[in-house]
Amino acid sequence: MFSWLRESAIFLIRRLISIIIVLLGVCTIAFIITRMLGNPVYLLVGQQADQEILDNLIHQMGLDRPLYEQYFRYLGTVLQGDFGISRYTYRPVLDEIAFRLPATLELVLAAMTITIVFAIPLGILAAARPGSIFDRLCALISQFGVSMPNFWVGLIFIYVFYFLLKILPAPLGRLDATLRAPAEVTRLFLIDSIIAGNFVTFKSALSHLILPAVTLSLSSAPSTLQITRTALIHILSSDYIRTARAYGMPNRSIYYRYALKNAIVPIITMLAMTFGFLMSGTVLVETVFNWPGLGLYAVDSMHHFDYEPIVGVVFLSALFYVLAYLVADIITYTIDPRIRAE
Amino acid sequence: MSQNPLLEIKNLQVIIGREENRVHAVRGASLKINEKERLGIIGESGSGKTLTALSILRLLPATGIIKEGEIYFQGKDLLSLSESEMSYIRGKQISIVFQNAAAALNPLFTVGQQIAEVYRFHEGCSAHEAWAKAIEMLDATGIPDPTRRAHAYPNQFSGGMAQRALIAMALVCSPKLLIADEPTTGLDLTIQAQVLDLIKDHVIQSCSSLILISHDIAVIAEVCTNVAVMYAGDVLEVGSLEDVFQSPLSPYSKALLKCFQIEGRGQQPYIAGKVPDLRFQYEGCLFAPRCEFAADICRNRPVLREVKPNHWAACHFT
Ligand SMILES: Nc1ncnc2c1ncn2[C@@H]1O[C@H](COP(=O)(O)OP(=O)(O)OP(=O)(O)O)[C@@H](O)[C@H]1O
Ligand SMILES: [Mg+2]
């Protein structure tokens, strides 16, 4: 029992160390890039400013210090979550991110939910009879899903559901303009409106969310379906499944117990990857649907040569990636004794 | 042959593989095994031993089909049973031990769980009883500290231990017939001997029968009472251990035994000439191209016939 605790603790510590290393790497790259973009002082005050003012600013910002000192100071601030101040809005980048993150998170979580609810069961069923009509239909639909560009599908959705059928609202943000955001609990509108018991807001939030979420899920659902299917087919042809069959175990347990448990490991890993990938891949969908999330924020900042927010968004994406992997690692660690033995 | 055989395979034909790799792997093999007999199947690599064994349990890989033949077990034609009827035979009446036990055990379930679940499915007892039975079986197969080891996962077992655990799983429902397909390949020599003894002792004690597949003649000689010699998917000779090893009838058996005497224990037998390409069908005797006695008559396939009492061979010259 205690050895189990100790092993788990060692495992966690090792993962946390590797996460810190990844985040340090991201910081370093961000530091190099922002330094390569030129002296931030010029970006702040323009080329024509008085030399004295410039020197003053340079001194104030510590830019006359040795590079390594600047680097460690930069690290210190970033690791405290201080990404500086936007040169465009003059608000702290962290505040802006905190304001926009829930929108992206809600969108990504909705897309993940769609992916998990549809793609994984379909993948499981397709693997049961490879080559069947159902399997081929799944392959066809996935093929179709991947080959359509995201923004294009989004535009078609808007055209059909908003313009033609008029059953969904205009692609302008998360709520009807006449409604106010529900009281902040999780900052995810769907959940907060349920907590507040506000059905009108819930309906509006849902109708705004559905198209961008479905569009976004098109970039994750097809691969999820195919990976689930492939993983299961591979497992079903393994020696240990043959063993279970050889000793008469019924098909139901073979499929839903012995095989599926083995498939959880690759599926969880893939979902973590998908989550990280979606968190950093919402730009196009947010642009098409005017979704006020991080992707849109990054694009806007880019237009204004405002680099601090971009560093912030990149850092945050990296953070979500590694956190998703950490969760996946913990789950697979508890399921798979082979990983524990490593 | 007055008694009814426990298992009888008649004219089994198996085709396996896709497109250009499609081979006629088993070509009309026939076999019998009586109660309490221990039958060894020998033959070169690729002669169809494994596929014959898998056919008995209808466990061929997805690309394989039984094209023709009958397999009777206690008078029942296994090939005509439904899949669910078959699952009551598997593990309960006929069981199998595979080679490479480490891969044959499910990595995400404890060894005890895997044994207990087989027992529970067939005997319909409580989970508690099944667990006790699993520990009893681990103990019987010589796993030290079975109460604790039952909680271990397969990756915590050595190769020899995994093989014992797999044998425990195969034997947990006391099957009438155990099939062991090269159960000791990949194990250390001392452990090989222990595992073989374990299988032999258990089969003798429980009055059941055994089919042991091996290309090691010494192993067969040690464990079995009877021998079948396979070549290119066909059974060329069957008989008691003494008959086949002391006075082999088929030229192929003779050549095989001679190789073994020259090369010694544990080696894959080698005979000059090429094994027929299994992708094609042949009219004549499959061994004829490599046989020193081959004559015109060998253009017709010889059938397996009882040349001497209880000693069968498929050769025109016997
Ligand atoms: N899954 C498979 N797909 C395609 N061909 C196969 C498959 N399994 C076996 N074969 C072919 O069938 C023939 C007989 O195979 P089998 O495994 O029964 O031989 P074996 O006598 O058990 O040989 P070994 O001593 O090497 O185990 C071989 O030619 C082999 O290539
Ligand atoms: Mg084999």
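Throughout, a chain's letter reflects where its sequence line sits, starting with A, and its residues are numbered from 1.
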key: Steps toward side chain to side chain contact (heavy atoms under 4.5 Å, CB included) verdict (B:Met169, A:Tyr247)   = CA-CA 8 Å; B:Met169 205 183 338; A:Tyr247 299 147; 3.5 Å; yes
task = Please report the C-alpha distance between B:Asn106 and A:Tyr258 in whole Å, then the side-chain angles of each, then the deciding distance to 0.1 Å, and finally whether the side chain to side chain contact (heavy atoms under 4.5 Å, CB included) criterion is met.
result = CA-CA 7 Å; B:Asn106 195 322; A:Tyr258 300 128; 3.5 Å; yes
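Within a 6.0 Å sphere centred on CD1 of A:Ile233, other residues, nucleotides and ligands contribute more than 12 heavy atoms. When the shell of 6.0 Å around CD1 of A:Ile10 is examined, it contains more than 12 heavy atoms from other residues, nucleotides or ligands. Within a 6.0 Å radius of NE2 in A:His234, no more than 12 heavy atoms belonging to other residues, nucleotides or ligands are found.
In this structure, A:Arg245 and B:Leu59 approach most closely via the heavy-atom pair CG-CD2, 3.8 Å. Of all heavy-atom pairs between B:Pro107 and A:Pro337, the closest is O-CG, 3.2 Å.
Considering only residues two or more places apart in sequence or on other chains, A:Phe277 meets the ring-ring contact (aromatic ring centres under 6.0 Å, His included) condition with none of them. The ring-ring contact (aromatic ring centres under 6.0 Å, His included) test applied to B:Phe157 returns no partner, not counting sequence neighbours.
Using modelled atom types, one side-chain atom of A:Lys261 and one backbone atom of B:Leu108 make a donor-acceptor pair closer than 3.5 Å.
For the pair A:Arg242 and B:Phe98, the cation-pi criterion (under 6.0 Å, within 45° of the ring axis) is fulfilled.
For a residue to count as touching a neighbouring chain, one of its non-hydrogen atoms must lie under 4.5 Å from one of that chain's; by this rule B:Leu54 touches chain A with the side chain only. Contacts of B:Tyr88 with chain A are absent, with no heavy-atom separation under 4.5 Å from either backbone or side chain. For B:Gln113, the part sitting under 4.5 Å from any heavy atom of chain A is the side chain, from C-beta outward, and nothing else. For A:Arg340, the part lying near chain B is the side chain, with the backbone staying farther off; criterion is any non-hydrogen pair under 4.5 Å. With a 4.5 Å cut-off on non-hydrogen atoms, B:Ile96 touches chain A through its backbone and its side chain both.
With chain A as the partner, the residue from B:Ser95, B:Ala101, B:Ala170 showing the most heavy-atom pairs under 4.5 Å is B:Ala170. Interface remark: of the candidates B:Cys173, B:Gly91, B:Ala152, B:Ala104, B:Ala104 forms the most heavy-atom pairs closer than 4.5 Å to chain A.
For the atom pair CZ (A:Arg257) and CD (B:Glu117), the distance works out to 4.0 Å, reported to the nearest 0.5 Å. Summarising the geometry, atom OG1 belonging to A:Thr243 is positioned 8.0 Å from atom CD belonging to B:Gln114; distances are rounded to the nearest 0.5 Å.
Sorted by first then second residue, the salt bridge (charged side-chain N to carboxylate O under 4.0 Å, His left out) pairs that include residues 156-185 of chain B, not counting sequence neighbours, number zero.
Proximity to chain A at a heavy-atom threshold of 4.5 Å picks out B:Phe121, B:His122 from residues 119-136 of chain B, in numerical order.
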